[in-house]
Amino acid sequence: MPTSKKSEKEKNSLAVSLQIISLLSILTIFLLMYLYKQIRVVQKSRQELHILNEELNSFNNKLSDANSTKEEYVGLFMNLCSAYIDKLDKYRETVKRKIMAKQIDDLYKMTNSTRAIEVELDHFFLHFDTAFLSLYPTFVEDINKLLTPEGKIKVKKGELPNTELRIFALIRLGIKDSSRITAFLRYSPQTIYNYRTRVKNKSAIDRDIFENQVMEIGNLS
């Protein structure tokens, strides 16, 4: 074979080889770019999964704490109910003894005084306030966020000391019916209505949705 033809063939073969190598290099670059993007996608998915797992763990912890708190205060109010039943039984025994001893004047004094009821109500409201603020520790602050600056309710931290706040605490617990609130707080229906209206008139938002916003206080997000 002449040298020129052999050289030409080698050149052609080399050109083909270079083209193949170039094509393979381009394919390799595209493959590497694709793999890099897939790795980034996997890394991002892992990060998102990690964040979701952390949020899920946090949510589960909140639910666990909420359940523990509810169990604690269910137990508290069961104990209160039991204590009141015991007091009623002792009161019944005292009345029975005085009737049998014909101590009518003493019996009249016992039943005519409201002092014992007032003491028990103060005791009950103290337990209610403590339990409610343990469930919703920022309740007063959250209520004030819904009110105008001049309408904010000023209380000491950890207290729920007035009727207005107790009314909206009951509303937060789902007790919206005025007759039930009246029975709980021992005020007249008109007084309860006046308190509710007075607070809503100080609302910084639409007063028609004020109570619905109160019911959202403390919800897990």
Side-chain angles (χ1 to χ4, degrees), residues 1 3-77 129-160 165 168-176 199-200 202-221:
M1 179 181 293
T3 302
S4 61
K5 288 187 177 181
K6 183 178 180 181
S7 177
E8 185 68 25
K9 185 176 181 180
E10 287 177 351
K11 287 181 181 180
N12 291 337
S13 178
L14 181 60
V16 171
S17 297
L18 288 173
Q19 289 176 354
I20 293 173
I21 291 172
S22 298
L23 180 60
L24 289 175
S25 298
I26 293 171
L27 288 174
T28 301
I29 291 171
F30 277 111
L31 179 61
L32 289 173
M33 290 176 62
Y34 175 77
L35 289 174
Y36 177 75
K37 288 182 179 179
Q38 292 303 307
I39 290 171
R40 291 293 301 272
V41 169
V42 170
Q43 288 176 339
K44 185 177 179 181
S45 297
R46 285 179 177 175
Q47 290 174 351
E48 291 176 349
L49 183 60
H50 179 69
I51 292 172
L52 287 173
N53 283 332
E54 287 185 340
E55 291 178 351
L56 181 60
N57 288 333
S58 175
F59 188 73
N60 285 334
N61 289 334
K62 288 180 180 179
L63 286 178
S64 178
D65 291 342
N67 288 333
S68 297
T69 303
K70 287 177 182 178
E71 289 172 2
E72 178 182 350
Y73 289 107
V74 165
L76 169 65
F77 282 103
D129 294 350
T130 302
F132 182 83
L133 288 174
S134 294
L135 291 170
Y136 304 100
T138 62
F139 181 75
V140 177
E141 292 89 336
D142 292 334
I143 279 282
N144 278 331
K145 290 177 183 178
L146 302 175
L147 300 174
T148 59
E150 61 274 11
K152 295 187 185 302
I153 302 171
K154 297 179 181 179
V155 297
K156 293 180 180 179
K157 189 175 182 180
E159 290 185 351
L160 199 66
L165 286 173
F168 285 95
L170 292 172
I171 289 172
R172 176 59 191 88
L173 294 174
I175 303 172
K176 299 182 69 174
V199 173
K200 288 193 288 186
K202 301 173 184 176
S203 175
I205 60 174
D206 185 347
R207 68 190 306 278
D208 292 332
I209 65 169
F210 182 82
E211 292 186 1
N212 290 334
Q213 291 299 110
V214 170
M215 294 185 71
E216 293 297 318
I217 288 175
N219 278 344
L220 292 175
S221 59

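One-based numbering along the sequence shown. Keep in mind that the numbers below use all heavy atoms, side chains included, and drop hydrogens, waters and symmetry copies. Remember, it's a predicted structure, so these values are computed and weren't measured experimentally.
The line from CD1 of I39 to CG of L32 is 9.0 Å long, rounded to the nearest 0.5 Å. A distance of 3.5 Å separates CZ of R172 from OH of Y136, quoted to the nearest 0.5 Å. Residue I51 holds its CD1 atom at 7.0 Å from CD of Q47, rounded to the nearest 0.5 Å. Taken to the nearest 0.5 Å, the CG atom of L170 stands 13.0 Å off from the NZ atom of K176. In this structure, the separation between OG1 on T138 and CG on L133 is 9.5 Å, given to the nearest 0.5 Å.
By the side-chain hydrogen bond (donor to acceptor under 3.5 Å, both in side chains) test, N212 pairs with no residue at all, sequence neighbours left out. Partners of Q213 according to the side-chain hydrogen bond (donor to acceptor under 3.5 Å, both in side chains) rule, which considers only residues two or more places apart in sequence or in another chain, do not exist here. Residues forming a side chain to side chain contact (heavy atoms under 4.5 Å, CB included) with I29 (at least two apart in sequence, or on another chain): M33. The side chain to side chain contact (heavy atoms under 4.5 Å, CB included) search around I153 returns I143, N144, L147, V155, N162, E164, L165, not counting sequence neighbours. Annotation: salt bridge (Lys or Arg N to Asp or Glu O under 4.0 Å) contacts of K145 (sequence neighbours excluded): D142.
For the salt bridge (charged side-chain N to carboxylate O under 4.0 Å, His left out) condition, the pairs that include at least one residue of residues 203-217, sequence neighbours left out, are R196-E211, K200-E211. Screening residues 27-41 for side-chain hydrogen bond (donor to acceptor under 3.5 Å, both in side chains), with sequence neighbours left out, gives Y36-R40.
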Would I171 and F210 count as a side-chain contact (heavy atoms from CB on, under 4.5 Å) if you check the C-alpha gap in whole Å, the side-chain angles of each, and the deciding distance to 0.1 Å?
CA-CA 11 Å; I171 289 172; F210 182 82; over 6 Å; no
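Heavy-atom minimum distance, S134 versus P137: O-CD, 3.8 Å.
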